[in-house]
Amino acid sequence: MKRTLGVCYYPEHWPDAQWAEDAARMATLGLTWVRIGEFAWSRLEPVPGRLEFDWLDRAIETLGSAGLKVVLGTPTATPPRWMLDRHPDMLAVDRDGRERGFGSRRHYDFSHEGYRRESARITTLLAERYGRNPHVGAWQTDNEYACHDTVLSYSPTALRAFRNWLARRYQSPEALNRAWGNVFWSMDYASFEEIGLPNLTVTEANPAHWMAFRRFASDMVVEFNRIQTEIIRKHSSYPIAHNYMGQITDFDHFAVGADLDIASWDAYPLGFLSDRLAASPEHKRRFVRQGDPDFQAFHHDLYRAVGRGRWWIMEQQPGPVNWAPWNPDPLPGMARLWAWEAFAHGAEAVCYFRWRQAPFAQEQMHAGLLRPDSVPAPAYDEAAQVARELAAMPDQGTAAAKVALVFDYASAWAWEVQPQGRDFSYFRLVFESYRALRRLGLNIDILPPDATDLSAYQLVLAPGVATLTDAFLGALAQYRGLSLIGPRTNAKTTEFATPVPLPPNLPGLAATIARVESLPPDVPVPLSQGGQFLHWREKIETAAEIVESTADGWPALIRAGGLHYLAGWAEAKTMINLLEKLCAEAGLPTMRLPDSLRMRDTASHRFVFNYGPDEVEWHGRRIAPAGVYWERL
Ligand code: GAL
């Protein structure tokens, strides 16, 4: 497969006279793709029903004539102002009951029928007009579902849709009462019409109520997206993508992905480090201009799974962004390193965001490949270098991983709904396991929670999965390799009740979690052979083999055959040591990488990336900061 580069471009931001020159420069730079259109609704339809597509025709023609391929976005993330006059109740409402306003983007409620029809209408017009245009090569639906906290809406519209959803799921109020345990605190309902949204209750709402609401909200995103994919497919055979975000778990990306051909994500390594990563101040300081060394890779592997093998970077940070608490300039070389890391993880394309920095509006402080005066910014030359290197590089393929890690969106909802300890974050628990595996130099596959076949792997991890699916439990029973399940896994039913017999209820493992505790971060639970648990631990009664105990005498790690259960949140070094032993038993070679270096093998090459701020010596080579090297395997 040919791996390609691209860029995000907004023809509507620039005079028409500029387009041809921009397109020629993009082509000279070695770009293949140009994504356009995703926020252009007010220029496509300035007043309701008056369609002005001629400028888009010309833009696509100009870009295509220069040899570029267009990714065409549906503009539904930015309904124009007139839309609110037609649908005054289409705005989402936040958890405190305040309606969200016009004047930025993503101002719509996923469940709003009227807005869904408008989205279908504009998508149909675009798909009919450009579905077979030879210059178009792919589609993008909407833009970054869930970004700016836009999935959970507490609007009257959402309430109506939620009641319908509940009626379909539970059939009768009695069944719902039973499933949720509404006898508790006299919460029984006599009809679906009595049920409200779970915000604004006096104290916490029933976690089962919350879980139902979270599932409903996720389903609304899936439905909204599916309306567009079904329309596009009627008129076009070009692949359809959506651009997901980093560390966003408010909807089930696997479920949306089932309707797409390609998963893509928007990689802003420095923004994410500053804005969302849970890490120490020292860590954030050390990687301030490079980004966290595992955060991008984790999402590459996640979206490879969401895209069932096909995935892209739709937006790649090229310089300082504008939206994080602090917005440093990347180290020289990072715009190249990030792209190569994505390719090493199997990306088909990497598109930089954006072509030219805008001198107006919200993102004027956000770098592009060009400055606002059209002079190349530093990432321009780095992109050119990647283009040259790609041209000289044979296809590297994507190597199969021997280690798999399960990621489950519903578990993120479950532990947000009832964390039990303030700092219990599902994302962080999984991410820390991922990081520990990466420190050992391993390739990793991420699996959806309903994976049915584990036979390709020698080690499978499933930390924190609230409810293991029957599919996964079946796969686990068949699997002959090593697995590490837990902590807090299979701890709830799908209706968020505690199962009896008590968890973990794993095939062949005689174990009962008798009690759990959450702990403040400065209260570790020491293990008898060194190392410690943090945040969370479980007290297990078991007849299984005890591999390791806590210093206070409870089983910390137990096993039955290849199946291991971990009874606490292992601190970083403890996790690395544990995984190293498991890999040794599984026959998987590991190496301890220096803190700055990360590795990824493709079918033919080994790639090594220096994320650190200093030069590193590794196997006789000196690797500069932001350095990437590859060698044949
Ligand atoms: C992304 C978004 C882009 C742009 C970019 C800035 O989240 O999709 O439209 O806003 O961030 O970093």
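Order of listing sets the numbers, starting from 1, for every ligand and every atom in it.
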Answer yes when [X] and [Y] have at least one side-chain N-carboxylate O distance shorter than 4.0 Å, and no when they do not.
| X | Y | answer |
| --- | --- | --- |
| E144 | R106 | no |
| D250 | R214 | yes |
| R58 | E61 | no |
| D57 | R129 | yes |

Can you report which non-hydrogen protein atom sits closest to [atom], along with the distance?
| atom | answer |
| --- | --- |
| atom 5 (C) of ligand 1 | Y268 OH, 3.3 Å |
| atom 3 (C) of ligand 1 | E315 OE1, 3.3 Å |
| atom 9 (O) of ligand 1 | R105 NH1, 2.8 Å |
| atom 7 (O) of ligand 1 | E144 OE1, 2.5 Å |
| atom 10 (O) of ligand 1 | E363 OE2, 2.3 Å |

Review point. If we only count N/O pairs under 3.5 Å, is N322 in contact with ligand 1?
Key: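 No - when backbone and side-chain N and O of N322 are compared with those of ligand 1, no distance drops under 3.5 Å.
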Check your understanding: D292 and salt bridge (charged side-chain N to carboxylate O under 4.0 Å, His left out): which partner among R435, R438, K284, R286?
Key -> R435
Look at the aromatic rings of [X] and [Y] and report parallel, tilted or perpendicular, splitting at 30° and 60°.
| X | Y | value |
| --- | --- | --- |
| F407 | F427 | perpendicular |
| H299 | F272 | parallel |
| Y108 | F224 | parallel |

With heavy atoms under 4.0 Å as the rule, classify the contact between [X] and ligand 1 as side chain, backbone, both or neither.
| X | value |
| --- | --- |
| Q362 | neither |
| E38 | neither |
| Q317 | neither |

By number and element, which atoms of ligand 1 are closer than 4.0 Å to a non-hydrogen atom of [X]?
| X | answer |
| --- | --- |
| F39 | 9 (O) |
| M245 | 7 (O) |
| D266 | 8 (O) |
| N143 | 2 (C), 8 (O) |
| H366 | 6 (C), 12 (O) |
| W323 | 6 (C), 12 (O) |

**Study point:** Of W355, F360, F353, the residue whose pairing with H366 passes ring pair (Phe, Tyr, Trp, His ring centres under 6.0 Å)
**Key:** F353
Exercise for review: Compute the centroid of each ring, for Y154 and then for F213, and state whether the two points are separated by less than 6.0 Å.
Suggested key: yes
